[in-house]
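One structure is given below, encoded as structure tokens.
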Amino acid sequence: MSEEIKKSSNFITEIIDEHLKTNKYQGKVHTRFPPEPNGYLHIGHAKSICLNFGLARDYNGLCNLRFDDTNPTKEDIEYVDSIKEDIKWLGFTWDEREYYASDYFDKLYEFAVQLIKKGKAYVDSSSAEEIKALRGTPTEPGKNSPYRDRPIEENLELFEKMKNGEFNEGKYVLRAKIDMASPNLNMRDPIMYRIRFAEHHRTGNKWCIYPTYDWAHGQSDSIEGITHSICTLEFENHRPLYNWFIEELGIHHSQQIEFARLNLNYTVMSKRKLLKLVEDKIVDGWDDPRMPTISGLRRRGYTPESIRNFAEGVGVAKRDNTIDVALLEFRVREDLNKKAQRVMSVLRPLKVVITNYPDGKVELMEAVNNPEDETMGTREVPFTKEIYIEHDDFMEDPPKKYFRLSPGNEVRLRYAYIIKCEEVIKDSEGNITELRCTYDPETKSGHDTSGKKVKATIHWVSAEHAVNAEVRLYDRLFSYEDPAGAKEKDFMEYLNPSSLEILNDCKLEPYLKDAKKGDKFQFERLGYFCVDTKYSTDENLVFNRTVTLRDTWAKIQKNSEQ
RNA sequence: UGCCCCGUUGUGUAAUGGUAGCACAGCAGACUCUGGAUCUGUUUGUCUGGGUUCGAAUCCUAGCGGGGCAGCCA
């Protein structure tokens, strides 16, 4: 692989390059993505997926999908299915290499017996509390368990009985015999097996002892011939243990490499916290468009490309990081700007009657489908005497830099005429309910002979032809940058009460009548929107706002408020 | 307070002993029938102190700051 076409360079590619140079793994690169099926994948996993599958792609290697299913009490087949769907959607494939740590339970059992025979593992009769008490603390060494020197034969016998279900949960555990005085807590005789009379989603009731992560993970890597086992920083202190098992067993030695997990501001990323949002019904399931899950982002309207560009763009390093959501939003705008069909939609309608336009006349105006992509062609948009415009596009008493419609002022209607506001109609409470305007026939788009220049162009929809729809506007789920980081407060206290706003009276141009679930559009001047995959029907269209357009006016307003 | 890891503009990330660059965000401008897009310009940075060196973000050292570890979770 030449320097020029290599996707990205970081400390991991440097390690791999070095291995390639020294021929440590015979020129092979074989990674794996090892999710535990106990929750849905989120944007942080997307980074790991892009990293692992991306490395395999860039180095002509392979990347396995391996479910780390060693704890049946927390795992579920629902999660397995969602994880597979999400990885595929992101655009990666594991071919037939779909593995499970539970595939290796028999082999792991054999390995454990080997270690017992070698005098490197023992069955401990201590209770969980006793084990905890003898483990010591970060500053004090632990003490040996009274069962640490049990004879090998007895260990073998007890371990087999553990496997055969002859003991209750918690009665015995299998421990590695390493060093209770190690400054690294992970080396103080870590637990390898615990007794769990739980049904496993794949092995059913075959087993009542289950391996811990530390015991299962490295050996699974080894069995699969993984060369580079990439994980997050919290496993750094586990690496000596990872290596110890592999070396004591004398099996293929994968190299564990740790990198910093991705954090995003204004959201939470731990599966535990996301699960709480789901269970407390704060959100509408794991795929709620406000969730940082892959399924949530998909429903929100994010594209796989935008997420891949994001994940690959944030880089890989070892220092803790928090990425600004603005970067994620930039990535989806960047992608959708090139691809999305443009369309006119009015979210908060204000009726406009064009008094000098003939009753009953319908003109079909030609509109460009995507100025970034000529091949997407044009469409016709009907124009009539009565139209809707965005309520925000009119101000009775406009401030200095407001360029849109106001009494006596002119604006262009996109793809149509220049109109002038002549009269404002209000209800008994003083709310503006309708505008009376006149149009200038000389100003038709593409045939303008008036020479007029206006400072603004606004979007509109013919009242007679409008399609009604519901539009859901999303804002950040939390109103505080680092909801999980506050020591004193629970993250739930930072929930943004207005993270979802539902608009029921939106008027869309007729082109959208046949929009299908998942279809993506740019509503001109407003943002990118997609048809909701969960609630939208042919009769009642529901759109999700993916992200707004960059909004210079909003910025001016915000700055003038301060 | 033991062990491990990490400190480069607001946020990320490059520079591997030789001009501190890139992206996002910010700011200013050009253009515009989307206040979109596009283009141009631009502010802000090597945690601190010593040392090695002709030369240090990079190597050494001391300090400071941040993170992780005491599940039969992963």
Side-chain angles (χ1 to χ4, degrees), chain A residues 8-11 14 34-36 38 68-71 73-75 124 126-128 131-132 135-142 169-170 172-175 182-188 190-196 209-210 212-214 216-217 231-240 258 260 262 265 271-272 310 313-331 333-334 337-338 342 344 368 370-372 401-404 411-416 418 443 445-446 448 453-459 522-527 548-556:
Chain A
S8 61
S9 161
N10 55 56
F11 81 100
E14 275 173 33
E36 184 190 12
N38 68 341
D68 222 332
D69 55 351
T70 57
N71 186 356
T73 62
K74 292 191 175 173
E75 296 153 5
D124 196 339
S126 307
S127 68
I131 288 175
K132 186 181 160 89
R135 183 153 31 226
T137 69
T139 53
E140 305 160 55
E169 288 189 8
Y172 292 101
V173 287
L174 184 73
R175 292 230 254 170
S182 172
N184 182 343
L185 284 295
N186 296 118
M187 301 298 271
R188 322 243 263 225
I191 283 154
M192 296 166 64
Y193 276 99
R194 70 281 211 196
I195 301 171
R196 283 283 139 84
I209 57 171
Y210 289 96
T212 56
Y213 166 85
D214 282 314
H217 200 91
C231 62
T232 45
L233 249 28
E234 69 270 26
F235 294 105
E236 213 154 21
N237 291 336
H238 293 242
R239 187 169 4 114
E258 313 85 13
L262 173 114
N265 59 9
K271 280 194 260 186
R272 206 204 95 238
F310 172 76
V314 296
V316 182
K318 295 194 77 157
R319 76 187 89 123
D320 291 328
N321 64 84
T322 304
I323 312 289
D324 195 332
V325 290
L327 184 58
L328 222 207
E329 294 175 345
F330 163 77
R331 290 302 185 186
R333 283 191 195 107
E334 173 189 53
N337 177 46
K338 288 180 293 192
R342 267 63 168 175
M344 290 195 286
V368 173
N370 186 348
E372 307 294 318
K401 285 184 181 162
Y402 187 85
F403 303 144
R404 285 113 94 163
V411 290
R412 172 170 292 283
L413 294 175
R414 178 86 158 144
Y415 298 125
I418 288 176
T443 60
S445 281
D448 193 327
K453 287 279 176 211
V454 290
K455 294 200 85 167
T457 298
I458 64 174
H459 60 278
Q522 183 196 97
F523 289 2
E524 290 211 29
R525 302 207 304 133
L526 298 175
T548 60
L549 255 24
R550 270 185 61 218
D551 190 346
T552 314
W553 169 243
K555 206 177 288 174
I556 291 169

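By convention in this document, chain letters (A, B, ...) are assigned in the order of the sequence lines, proteins followed by strands, and residues within each chain are numbered from 1.
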Could you tell me the Watson-Crick or G-U partner of B/C3, where both distances fall under 3.5 Å? Say none if there is no partner. B/G68
Establish, with yes or no, whether the OP1 or OP2 oxygen of B/A74 is under 4.0 angstrom from a side-chain nitrogen or oxygen of A/Thr70. yes
For A/Glu372, report the nucleic acid contact type (base, sugar-phosphate, nothing); a contact means any heavy atom under 4.0 Å. base
Could you tell me whether A/Tyr193 contacts a base, only the sugar-phosphate backbone, or nothing, with contacts defined as non-hydrogen atoms closer than 4.0 Å? nothing
Would one find a side-chain N or O of A/Arg550 under 4.0 angstrom from OP1 or OP2 of B/C24? no
Expressed in whole Å, how much space separates the P atoms belonging to B/A56 and B/C64? 26 Å
Any side-chain to backbone donor/acceptor pair from A/Arg194 onto A/Gly170? Under 3.5 Å, distance only. no
Taking atom CD of A/Glu258 and atom SG of A/Cys231, what is their separation to the nearest 0.5 Å? 5.0 Å
Just checking A/Thr552: base, sugar-phosphate only, or nothing, at a heavy-atom cut-off of under 4.0 Å? sugar-phosphate
By the 4.0 Å heavy-atom rule, please label A/Phe235 as base, sugar-phosphate, or nothing. base
Taking O4'-C1'-N9-C4 for purines and O4'-C1'-N1-C2 for pyrimidines, is B/G71 syn (within 90° of 0) or anti? syn
State whether the side chain of A/Thr443 and the backbone N or O of A/Ile418 hold a donor-acceptor pair below 3.5 Å, judged by distance alone. yes
Could you check which of B/G12, B/G35, B/C24 has an atom nearest any side-chain atom of A/Asp551? B/G35
Considering only the C1' atoms, how many Å lie between B/U53 and B/G18, rounded to the nearest integer? 12 Å
Output yes when at least one side-chain N/O atom of A/Lys132 is less than 4.0 Å from OP1 or OP2 of B/G71, else no. yes
Measuring to OP1 and OP2 of B/G26, would you say a side-chain N or O of A/Lys555 lies under 4.0 angstrom away? yes
Check whether any side-chain N or O of A/Arg412 sits under 4.0 Å from OP1 or OP2 of B/U34, and answer yes or no. no
Looking at A/Arg319, I'd like to know whether one of its side-chain N or O atoms comes within less than 4.0 Å of OP1 or OP2 on B/U8. yes
Is there a donor-acceptor pair under 3.5 Å between the side chain of A/Glu334 and the backbone N or O of A/Phe330? no
Report the distance from atom NE2 of A/His238 to atom CG of A/Asp214, rounding to the nearest 0.5 Å. 5.5 Å
Whichever of A/Tyr415 and A/Pro183 has the more 5' nearest nucleotide on RNA chain B, that residue is A/Pro183
Would you say the side-chain atoms of A/Asn10 pair up with the backbone N or O of A/Ala317, donor to acceptor, closer than 3.5 Å? no
Once you apply a heavy-atom cut-off of 4.0 Å, does A/Arg239 come out as touching a base, just sugar-phosphate, or nothing? nothing
Spatial distance of atom CG (A/Asn370) from atom CZ (A/Arg342) [nearest 0.5 Å]: 4.0 Å
At what distance, to the nearest 0.5 angstrom, does CZ of A/Arg135 lie from CD1 of A/Ile191? 6.0 Å
On a whole-Å scale, what distance lies between the P atoms belonging to B/U32 and B/C27? 23 Å
Report yes if a side-chain nitrogen or oxygen of A/Arg331 is closer than 4.0 Å to either non-bridging phosphate oxygen (OP1 or OP2) of B/A23; otherwise report no. no
Give none if B/A37 has no partner; otherwise give the nucleotide forming a Watson-Crick or G-U wobble pair with it, both distances under 3.5 Å. none
The nucleotide from B/C73, B/U34, B/A70 with an atom nearest the side chain of A/Pro371 is B/U34
For a quick check of understanding: with a heavy-atom distance under 4.0 Å over all strands, which category does A/His217 fall into, base, sugar-phosphate or nothing? nothing
Spacing of the P atoms in B/G26 and B/C47 (rounded, Å): 26 Å
Would you say A/Arg188 reaches B/G71's phosphate, i.e. side-chain N/O to OP1/OP2 under 4.0 Å? no
Using purine N1 to pyrimidine N3 plus N6-O4 or O6-N4 for Watson-Crick, or N1-O2 and O6-N3 for G-U wobble, both under 3.5 Å, which nucleotide pairs with B/A23? B/U11
Taking atom P in both B/U42 and B/G36, what distance in whole Å separates the two? 22 Å
Mind checking the C1' distance from B/G51 to B/G12? Whole angstroms is fine. 32 Å
Under 4.0 Å between any heavy atoms, over every strand shown, what does A/Val316 touch: base, sugar-phosphate, or nothing? Just pick one. sugar-phosphate
When the P atoms of B/G21 and B/A28 are compared, how many Å lie between them, rounded to an integer? 24 Å
Of the candidate nucleotides B/U34, B/C72, B/G2, which contains the atom at the shortest distance from the side chain of A/Pro138? B/G2
Between B/A57 and B/C39, how many Å separate the two P atoms, rounded to a whole number? 33 Å
How long is the straight-line distance from CG of A/Leu549 back to CZ of A/Arg333, given to the nearest 0.5 Å? 7.0 Å
Look at all strands and tell whether A/Ala317 reaches a base, only sugar-phosphate, or nothing, counting heavy atoms closer than 4.0 Å. sugar-phosphate
Is it the case that the side chain of A/Tyr415 and the backbone of A/Val368 share a donor-acceptor pair, with hydrogens and angles ignored and the cut-off at 3.5 Å? yes
Indicate whether OP1 or OP2 belonging to B/G35 is found under 4.0 Å from a side-chain N or O atom of A/Arg525. yes
Touch check for A/Ile323, heavy atoms < 4.0 angstrom, all strands: base, sugar-phosphate only, or nothing? sugar-phosphate
Using a 4.0 Å heavy-atom cut-off, does A/Asn237 contact any base of the nucleic acid, only the sugar-phosphate backbone, or nothing at all? base
Closest listed nucleotide, where the reference is the side chain of A/Arg194 and the choices are B/U34, B/A23, B/A74: B/A74
Among B/A25, B/C72, B/C4, find the nucleotide with the atom closest to the side chain of A/Ala326. B/A25
Reckon A/Ser126 touches a base, only the sugar-phosphate, or nothing at all at heavy-atom distances under 4.0 Å? base
Looking only at side-chain N and O atoms, does A/Arg196 come under 4.0 Å of OP1 or OP2 in B/C73? yes
To the nearest Å, how far apart are A/Gln522 CD and B/G35 P? 11 Å
Counting heavy atoms from C-beta on, name the nucleotide in B/G35, B/C69, B/C6 closest to the side chain of A/Lys318. B/C6
Any base atoms under 4.0 Å from A/Ile418, or only sugar-phosphate, or nothing? Heavy atoms, all strands. nothing
Name the nucleic acid region contacted by A/Arg342, choosing base, sugar-phosphate or nothing; use a 4.0 angstrom heavy-atom cut-off, strictly under. base
How would nucleotides 56-66 of chain B be written as a contact map, 5' to 3', with B for base contact, S for sugar-phosphate-only contact and - for no contact, using protein heavy atoms under 4.0 Å? -----------
Under a 3.5 Å distance rule, please check whether A/Asn265 uses its side chain to pair with a backbone N or O of A/Val325 as donor and acceptor. yes
In whole angstrom, give the distance that lies between atom CG of A/Leu549 and atom P of B/U38. 11 Å
Determine yes or no for a side-chain-to-main-chain donor-acceptor pair under 3.5 angstrom, with A/Thr232 supplying the side chain and A/Glu234 the backbone. no
If you look at every strand shown and take non-hydrogen atoms under 4.0 Å, does A/Ile131 touch a base, only sugar-phosphate, or nothing? base
